[in-house]
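Worksheet for the structure shown next.
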Amino acid sequence: MKVIIDTPEQVAVLAAQRYVRLLSQKPDAVLGLATGSTPLGLYAQLVRLNQAGAISFRQVTSYNLDEYVGLDGTHDQSYRYFMNHNLFDLVDIDKARTFVPSGLDTSQETAAAYDKAIQAAGGIDIQLLGIGNNGHIGFNEPNTPFGSTTHMVELTASTREANCRFFHSLDEVPTHAVTMGIKTVMQAKSIILIALGQAKAEIVKKTIQGPVTELVPASVLQLHPDVEIYLDPAAASLL
Ligand code: F6R
C-alpha cells in the first residue's frame, strides 16, 4: 500500500490528479465512487478541473458503493441525490451511465446484477473509498466476509450514530443499506482510500499496520496489489 500524507486540500488535489491521468489515458474508464464527507474536496477539484477543460467525464461509466434502503433518489439524504448534487450535475458525465445501487429493490437478483454489470463494463479502474470509524468500506461492517459481493446489510449502531449528523434525528437514519461487497471492491484494478481527521487515526493504523481480519474490513486492502491511501496529518498521527 502506498501512503500519501498531506493537507486535506492537497490530498484532494493529488487524488484528482490520479483521475486526470486515468481519464487522459482511458477516457471511457469505469469509476467506483463513494459518498460521505471525505470525498467532497476531491469532487470539488474534479468539478473545477472539468469546468477548466482539464478533464472530461463524457465517456465515463460510474458505479457507486452503496445506498440506503428505503430512500429513493429524490430523497436529499440518498446517495443518488448526493452524487447528483456534488458531482454528476456539475460535470459533463452522461447520467445514464452513472449507477447507484437501488435502495428500493433489495432483492438478491438485483444485487447480483450490480456485480455482473460492473464486470460487463470491464471492471472498475479506480475504486474510491472512505473509511468508517469501525473500519467499514462501503457499508461492509466488521465481520462481513471478505468473499461478499453486493448485498443488503444492517447498519451498526455506531454507523447510524456517525451518519445521524445528516438527518433530523437518529430515528430517521435508515437501518439498512445495499453495498458492494468486499470482493466487489477488491476486484477493482486500483483503489484510492482517503481518510481525514483525528477521529480516523486509530482505524487508519489498524487498517495499514494491523492484522488482516474481517473484524477490520478495510484491512483487506493490504492484500490488494494497487492501493493508494491518502491521509491528512491528523488521520496519519498514529502511524
Ligand atoms: C460512503 C461509504 C462509507 C463512507 C464512510 C466514511 O459511500 O461507503 O464507507 O466512506 O462511512 O464516511 P465519511 O466520509 O462521512 O467520514
Side-chain angles (χ1 to χ4, degrees), residues 8 11-12 15 31-45 62-69 71 73 75-88 98-103 111 114 118 124 126-144 148-167 170 173-186 188 191-204 206-207 214 216-221 227-232 234-236:
V11 160
L31 304 182
L33 298 174
T35 59
S37 308
T38 308
L40 286 173
L42 168 61
Y43 291 160
Q45 282 298 323
S62 72
Y63 290 89
N64 261 78
L65 281 167
D66 40 23
E67 180 60 282
Y68 286 120
V69 168
L71 305 192
H75 190 289
D76 65 1
Q77 289 311 324
S78 73
Y79 286 168
R80 160 56 75 182
Y81 185 95
F82 174 102
M83 291 309 302
N84 287 348
H85 194 69
N86 291 296
L87 188 65
F88 300 153
T98 67
F99 300 95
V100 179
S102 170
Y114 200 70
I118 292 171
I124 288 171
I126 296 182
Q127 176 64 55
L128 177 64
L129 299 174
I131 184 170
N133 296 338
N134 62 2
H136 73 214
I137 48 176
F139 273 134
N140 294 288
E141 303 283 30
N143 283 317
T144 304
S148 56
T149 53
T150 300
H151 63 296
M152 184 168 75
V153 295
E154 182 170 3
L155 299 175
T156 62
S158 79
T159 294
R160 292 185 67 236
E161 271 156 32
N163 290 2
C164 181
R165 66 192 195 277
F166 301 112
F167 294 82
L170 187 59
V173 184
T175 55
H176 291 75
V178 174
T179 181
M180 281 186 197
I182 303 268
K183 185 173 162 196
T184 320
V185 169
M186 288 293 279
I191 295 177
I192 291 178
L193 182 143
I194 305 177
L196 306 172
Q198 189 65 40
K200 300 284 171 75
E202 206 169 309
I203 198 64
V204 162
K206 285 186 186 159
T207 296
E214 288 177 352
V216 181
S219 67
V220 75
L221 300 176
V227 178
E228 285 185 349
I229 302 200
Y230 290 82
L231 305 172
D232 67 357

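Model, not experiment: these values are computed from the prediction. Order of appearance sets the numbers: ligands from 1, and atoms from 1 within every ligand.
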Q.
At under 4.0 Å between heavy atoms, is it the side chain or the backbone of Asn64 that contacts ligand 1, or both, or neither?
A. neither
Q.
Checking a contact table here: which protein heavy atom is nearest atom 6 (C) of ligand 1, and how many Å away?
A. Ile131 O, 3.4 Å
Q) Where on Glu67 is there a heavy atom closer than 4.0 Å to ligand 1, on the side chain, on the backbone, on both, or on neither? A) neither
(Q) Which residue and atom name correspond to the protein heavy atom nearest atom 10 (O) of ligand 1, and how close is it? (A) Gly130 CA, 3.3 Å
Q: Could you tell me whether Thr35 approaches ligand 1 through its side chain, its backbone, both or neither, with non-hydrogen atoms closer than 4.0 Å?
A: both
**Q.** ligand 1 atoms in contact with Arg165 (distance to a heavy atom under 4.0 Å)
**A.** 15 (O)
**Q.** Leu65 neighbourhood, listing ligand 1 atoms whose heavy-atom distance to it stays under 4.0 Å
**A.** 8 (O)
Q) Quick check: does His136 get an N/O under 3.5 Å from an N/O on ligand 1? A) yes
Q: Would you check if the side chain of Glu141 reaches a backbone N or O of Leu155 as a donor-acceptor pair within less than 3.5 Å?
A: no
Q) Nearest protein heavy atom to atom 3 (C) of ligand 1, by residue and atom, and its distance? A) Gly138 O, 3.6 Å
Q) Looking at ligand 1, does Met83 have a heavy atom less than 4.0 Å from it? A) no
Q) Roughly how far apart are Ile229 CD1 and Leu221 CG, rounded to 0.5 Å? A) 6.0 Å
Q. Got the closest protein heavy atom to atom 2 (C) of ligand 1, with its distance?
A. Asp66 OD2, 3.3 Å
Q: Could you grab the distance from atom CZ of Phe139 to atom NE2 of His176, nearest 0.5 Å is fine?
A: 12.5 Å
Q: Give the ring-plane orientation class for Tyr81 versus His85, where under 30° counts as parallel, over 60° as perpendicular and anything between as tilted.
A: parallel
Q. Quick one: side chain to side chain donor-acceptor pair (under 3.5 Å) partners of Thr179, sequence neighbours excluded?
A. none
Q) Between the side chain of Ser148 and the main-chain N/O of Ile182, is any donor-acceptor distance below 3.5 Å? A) yes
Q | Phe167 and Tyr68 aromatic ring geometry - parallel, tilted or perpendicular at 30°/60° bounds | A | perpendicular
Q.
So if I count the atoms of ligand 1 from 1 in the order they appear, which ones are less than 4.0 Å from some heavy atom of Thr38?
A. 13 (P), 14 (O), 16 (O)
Q. How far is atom 16 (O) of ligand 1 from its nearest protein heavy atom, and which residue and atom is that?
A. Lys200 NZ, 2.7 Å
Q.
For a ring-ring contact (aromatic ring centres under 6.0 Å, His included) check, start with the C-alpha distance between Tyr63 and Tyr114, then their side-chain angles and the critical distance, and finish with the verdict.
A. CA-CA 9 Å; Tyr63 290 89; Tyr114 200 70; 5.6 Å; yes
Q: Give the atoms of ligand 1, by number and element, whose distance to some non-hydrogen atom of Gly36 is under 4.0 Å.
A: 14 (O), 15 (O)
Q | Spatial distance of atom OG1 (Thr150) from atom CG (Asp66) [nearest 0.5 Å] | A | 10.0 Å
